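Okay, so here's the structure we're looking at.
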Amino acid sequence: MNPERGTDSGANAVRAGGASSDGGARSDADRSNAARADETAAPPAPELPARVPLAAALQQTLALAWRSLVQIRHNPWELGDYSIQPVLFLVLFLYVFGGAVAGSTDDYLAFMLPGMIVMNMLFVTVYVGHGLNTDLTRGFFDRLRALPIARWSPLAGRITADLVKQAWSIVLLLGLGIILGFRVGTSPLHVLAMFALLLAFALSFSWITVLIGVIARDPEHVQLFGFTALFPVTFVSNVFVPVETMPAWLQPLVNANPVSILSDAARGLLVGGAVLQPALWSLAWALALTAVFAPLSVFALRRRLSG
Amino acid sequence: MTAEAIYAEGLVKRFGETTALAGVDLSVPTGSVLGLLGPNGAGKTTAVRILSTLIAPDAGRARVAGHDVVRDAHRVRQVIGLTGQYASVDEKLTGLENLFLIGRLLGKSRADARSRARSLLTRFRLDDAATRATKTYSGGMRRRLDLAASLVGQPRILYLDEPTTGLDPRARLELWALIRELVDSGTTVLLTTQYLDEADALADDIAVIDHGRVIASGSPEALKARVGSRTLVVRPENPAHLDAVAAVVTELAGAAPEVEGGRVSAAAVGTDVLPAVVRRLDRDGIAVSELVLRGASLDDVFLALTGQPTVPTETDDEP
Ligand SMILES: Nc1ncnc2c1ncn2[C@@H]1O[C@H](COP(=O)(O)OP(=O)(O)O)[C@@H](O)[C@H]1O
Ligand SMILES: [Mg+2]
């Protein structure tokens, strides 16, 4: 990475070799003098690496993921966005609609909690685009791009951090649901599979918010745009209400909505029932979204950065 | 390495209809400071962005420490530090976390990254604010942190894009001192500025840029010699004394001054003229309401070089 560090450690290695060959005759004082001389003398120009090694790129991604997460420490309200908001939603929907939709809050909880988790997962992905746009408009992205780091690590770092936030809000909602009376009707393995499926879907769905983040003028527009688009998509689904209760013309739309399909898969994995078909369809959707939006996002980002 | 730390030839960059750079040549010898001086919209930031690998030129080429900025961008990034026009630190992180992050990105161990961050914070007098989110920092503190952030990797070549624009005079002098320290330790610096006095104070060479072209270059002395470094302005309290004041200034400055609007002004005077004029006017009992020795401004430079004052193009730029 850093040329100075590179030569330093090289010089150390040579010194260590020298010391052992003369039987450690040189005193410690000599050695530390030599070390000091090496630091001040201009090192011979090292051949700089032409590209970032993969291990270094992964480490950079982790450092940037750490950065996104540590931001929360100084901005606690952000934690509220992926904690308090879903909790409020869950409690409100449960007690206001529960009786009307399912006859009892317990039955409604079993139906609605998996969908609620899916919906919240989608909303959390908006923060990927929001954060990216903040970096682009405030100039931090340029600071990163002028560093000798992998070109993809800033984006990968954001998405990695997002997965941690996703896992956190799934645990939160599931935990609260259990406190309120939700019973997992499957096995721990099924629950793990639900995590994996939702995170995989979040990963692919993030590309849409990345695209919004690249195109939008400022972070506020990302949020406005993201949430405005997500509300109809999540409400015209079977997250809150069984599809059978909807008008016939709406039902095909609701059934085709990937949010419904993913909610069905989550229900199957948490409560019991059909799993394989909705899970496979969810994965197919994830692949399709990635295939479309990943190249579009990268293209849009390149365009924005070149001007 | 080559003797030229930065070398650019015929750089052209267009943004739609705007030609930001119309063929810029630059050359900065290793260990020296180049001041890129020009008004708003001249193309300074565009040049810096090309030289720091952020954008590619439409034509021309540039080498930094011998590496091509387009074909060998990753190598260029390993030897440069960039402090952009707008302080670009993460506002949601503390000063310490910002510098630690960059250390980690440069491949330092946790311990090394932390100690490097701490020593930079001390050097830039940000110790007290080290654990506060940077959104609470003042403009001067943010600038200092921004500069510190570009020094984490000990770059051999440093770009400073209008480092003091928007700072109060005290913060400005503080930043100048920090820049001088860096230069003394052998860092090559490319500095952009809108102020002649800043280029004069910091640069070994100045390139004056306007409308995407370098219209003059040379040492600050050579440039000032062309411009006339200082203007003496005297306004007598009583307009009847104008002629007497003009006579005194003619004698002491050695050239006929301009008399206009109740003021006498003489261009290109030395620093010793002012006290001499003060003593003489005092002796002759002539009271003055205004007496200044004004440094040449960017406007003076442009007036001398192009015969036109700086034309404000567009007000602000950045995408
Ligand atoms: N990303 C951009 N898109 C469109 N025009 C730009 C862009 N960046 C700079 N410009 C234009 O290019 C010219 C030079 O800008 P810039 O290099 O920022 O000047 P300076 O830094 O000297 O103020 C200006 O007219 C500016 O409006
Ligand atoms: Mg600029």
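Atom set for the values below is all heavy atoms of this structure, side chains included, hydrogens, waters and symmetry mates excluded. Just so it is clear: chains get the letters A, B, ... in the order the sequence lines come, proteins before strands, and each one is counted from 1. Everything numeric here is computed off the predicted structure, so don't read it as measured data.
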Practice item. Measure B:Phe100 against the heavy atoms of chain A and call it side chain, backbone, both or neither at under 4.5 Å. Key: side chain

Exercise for review: Measure distances from B:Thr94 to the heavy atoms of chain A and classify the residue's part below 4.5 Å as side chain, backbone, both or neither.
Suggested key: both

Review point. With B:Arg114, which residues qualify under side chain to side chain donor-acceptor pair (under 3.5 Å), at least two apart?
Key: none

So what's closer than 4.5 Å to chain B heavy atoms on [X]: side chain, backbone, both or neither?
{"X": "A:Leu144", "value": "side chain"}
{"X": "A:Leu305", "value": "backbone"}
{"X": "A:Arg151", "value": "side chain"}
{"X": "A:Gln71", "value": "both"}

Are any non-hydrogen side-chain atoms of [X] and [Y] less than 4.5 angstrom apart?
{"X": "A:Leu48", "Y": "B:His74", "result": "no"}
{"X": "B:Glu91", "Y": "A:His74", "result": "no"}
{"X": "A:Gln60", "Y": "B:Leu106", "result": "no"}

Check your understanding: CG/B:Leu54 to CG/A:Asp142 distance, rounded to the nearest 0.5 angstrom?
Key -> 5.0 Å

Study note, to complete from the structure: Rounding to 0.5 Å, atoms OG1 (B:Thr53) and CZ (A:Arg145) come to a distance of 7.0 Å

With a cut-off of 6.0 Å (strictly less than), are more than 12 heavy atoms of other residues, nucleotides or ligands near [atom1] of [X]?
{"X": "A:Phe299", "atom1": "CZ", "value": "no"}
{"X": "B:Arg61", "atom1": "CZ", "value": "no"}
{"X": "A:Phe225", "atom1": "CZ", "value": "no"}
{"X": "B:Arg180", "atom1": "CZ", "value": "yes"}

Exercise for review: Output, in order, the C-alpha distance, side-chain angles, deciding distance and verdict of salt bridge (Lys or Arg N to Asp or Glu O under 4.0 Å) for B:Glu97 and A:Arg67.
Suggested key: CA-CA 8 Å; B:Glu97 287 163 350; A:Arg67 170 234 172 184; over 6 Å; no

Which heavy-atom pair separates [X] from [Y] by the least distance, and what is that distance?
{"X": "B:Ile55", "Y": "A:Ser306", "answer": "CG2-O, 4.0 Å"}
{"X": "A:Ala146", "Y": "B:Leu82", "answer": "CB-CD2, 3.9 Å"}
{"X": "B:Leu101", "Y": "A:Trp66", "answer": "CB-CZ3, 4.1 Å"}
{"X": "A:Phe140", "Y": "B:Val89", "answer": "CD1-C, 3.6 Å"}
{"X": "B:Arg75", "Y": "A:Ala50", "answer": "NH2-CB, 3.5 Å"}

Side-chain donor-acceptor contacts of residues 145-152 of chain B below 3.5 Å, not counting sequence neighbours, with atom names and distances?
| from | atom 1 | to | atom 2 | distance (Å) |
| --- | --- | --- | --- | --- |
| B:Asp146 | OD1 | A:Arg143 | NH1 | 2.4 |
| B:Asp146 | OD1 | B:Ser88 | N | 3.3 |
| B:Ser150 | OG | B:Thr83 | OG1 | 2.7 |
| B:Ser150 | OG | B:Leu147 | O | 2.8 |

Review point. Can any side-chain N or O of B:Arg104 pair as donor or acceptor with the backbone N or O of A:Ala63 at less than 3.5 Å?
Key: no

